[in-house]
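The structure under discussion appears below in the form of structure tokens.
Because the structure is a prediction, the values reported are computed rather than measured. Just so it is clear: chains get the letters A, B, ... in the order the sequence lines come, proteins before strands, and each one is counted from 1. Hydrogens, waters and symmetry mates play no part in the numbers below; they use all other heavy atoms, side chains included.
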Amino acid sequence: MGKELDEIFDSFDKKAIFKDKFLLQAEHKPTAIPHREEQIKQIAAILAPVLRGERTSNLFLYGKTGTGKTLSIQFVRDELLKRARKNPDFNLRIEYINCKLRKVSDTEYRILAELIKKLGGSVPDTGLPTVAVYNKFIEIIDKEKLILILIFDEIDQAVKKISDNFLYNLTRLNSELSKSQIGVIGISNDLTFLDSLDPRIKSSLSEEELVFPPYNALQLQEILKKRAMFAFKSGVLQDGVIEKCAAFAAREHGDARRALDLLRIAGELAERDNSNKIHVKYIDEANEKIERDKILDVVKTEPKQFQLVLLAIVELSELQKDKKEPVFTGDVYNLYQELCKKHKTEILTQRRVSDIIQEFDMLGIINVRVISKGRGGRMREIKLVVSNKIAEKVKEIIHDSLNYN
DNA sequence: GTCAATTCACATGAAAGAGACCACGGTCTAGTG
DNA sequence: CTAGACCGTGGTCTCTTTCATGTGAATTGACGA
């Protein structure tokens, strides 16, 4: 056994593939962001007044995932902070909050708590009235002259969960501050988000707007090439690998992050195979692996009731596959009830299951469309978007986790 | 045949309850001098 | 006398139920050509 392990470790030691894998990881911040020069300049121009200690216009950024929004804004942020340090007249703080992380920001309370924590205060996780947290927030900010810029990434998620008067409160907060000033930057990948807002909030939040268009395949290639040059040893990339990665990602609305992930995982797969070259086939494998990991991870961590609902969906779509009939809400609910009985679990109402189905849609495991069959009623048409192989795996996992507790 | 009303099977919303967690302030207890 | 243990109250959170209202088009049925 020891010898075998040695072999495994040895082969990793040789590092046949990577020179610097970190360059391909999502956390890596490149020093240059290709094809985003224009946006960066504009952001900088909009935010520049903070260097004089003035409030900036609120700013709103759109763009699909992986179009460089977060990267660009963080780039500008770092530059601003670098400069502002030289000016002792006031404090500049730019805080970044990702509203997608559930633990951080499912509620108004938590977002505020998170902000306060970042600003050096502390708030209990629960127990205080929200108003008290607001007051504490204001108190902390207004202690001294502070120019505060709040960046809310994926702000649409937060608003969906909370309601938009959170944003209203926030934009109105300036009037309660005597010394300090707050600027808000919202980032959203839902292009229709602004339209769904209350007009008053909309106008105050989006004093400035900026759109990040998706990268096209050529741009993606360029980005990948730049990174790959330093991330991989020379000569490990087979011809066409970059092109294929770019093509895959371009299909996914020009998602650069996805492209980089693909490349990195393809590299890892090659490494595991003891290959010293990344072949095109590894890209396909990597693509599959990303999908699989994403879904299996979700499935594993989902609570029992969710798993039962998903199991019902998976089994039904299996049944219906030959007939080419899609699955509908009612079918799912019926089977779900049976499964609950079988596993001695209490049965949730249809109302709740309806919501659960919708959550699976948002997680990207199923595809949902509301259709009307005329007098036959109105319901969701549910399609599983995972391959058969993964669906099988999902079933296995759910069965396991249901039987073990 | 045509057109509006009807009807189905849910979707979608709003409100509120249950049970868990927690902070805060007050009261009680035990250890200390 | 004081620090810490121990309540009770009131707040939040998540998950869920209950009640209410909305909805798109197939079907129905009355109507007129």
Main chain of Gly63(A), side chain of Lys69(A): is a donor-acceptor contact present, judged purely on distance under 3.5 Å? yes
Below 3.5 Å between N/O atoms, which protein atoms pair up with nucleotides 18-23 of chain C? Just atom names and distances, please.
residue : atom : partner   : partner atom : Å
dT23(C) : O2   : Arg378(A) : NE           : 3.4

Within residues 362-370 of chain A, the residues having a heavy atom closer than 4.0 Å to DNA chain C are none
Select base, sugar-phosphate, or nothing to describe what Ile356(A) touches, counting heavy atoms under 4.0 Å on all strands. nothing
*Side-chain contact, heavy-atom cut-off 4.5 Å: Ile371(A) with Phe328(A)?*
yes
Check: Is Lys117(A) salt-bridged to Glu114(A), going by a charged N under 4.0 Å from an acidic O?
Finding: yes
query: Do Lys82(A) and Glu79(A) sit within salt-bridge range, that is, some charged N less than 4.0 Å from a carboxylate O?
result: yes
When rounded to whole Å, the CG to P distance for the pair Asp355(A) and dC15(C) reads 12 Å
With a 4.0 Å cutoff (strictly under), does any side-chain N or O of Arg380(A) reach OP1 or OP2 of dA11(B)?
yes
note: Glu381(A), atom CD; dC10(B), atom P; distance rounded to Å ~ 14 Å
### Message
Using the rule given for salt bridge (charged side-chain N to carboxylate O under 4.0 Å, His left out), can you reason through Glu268(A) versus Lys289(A), listing the C-alpha separation, both sets of side-chain angles and the distance that settles it, and then say yes or no?
### Response
CA-CA 11 Å; Glu268(A) 285 170 3; Lys289(A) 182 174 157 56; 6.0 Å; no
Next on the checklist: Please determine whether a side-chain nitrogen of the Lys or Arg among Glu291(A) and Arg258(A) lies less than 4.0 Å from a carboxylate oxygen of the Asp or Glu.
Outcome noted: yes
Check whether any side-chain heavy atom of Leu92(A) lies under 4.5 Å from a side-chain heavy atom of Ile94(A), and answer yes or no.
yes
Q. Closer than 4.0 Å, any side-chain N/O of Thr329(A) to the OP1 or OP2 of dA11(B)?
A. yes
When rounded to whole Å, the CD to P distance for the pair Gln358(A) and dA11(B) reads 9 Å
Winner on side-chain proximity to Leu348(A), out of dT17(C), dT14(C), dA9(B), is dT17(C)
Asn135(A) CG to dC24(B) P, in whole Å, measures 14 Å
When Lys64(A), Arg36(A), Gln219(A) are each screened for side-chain contact (heavy atoms from CB on, under 4.5 Å) with Pro213(A), the one that passes is Arg36(A)
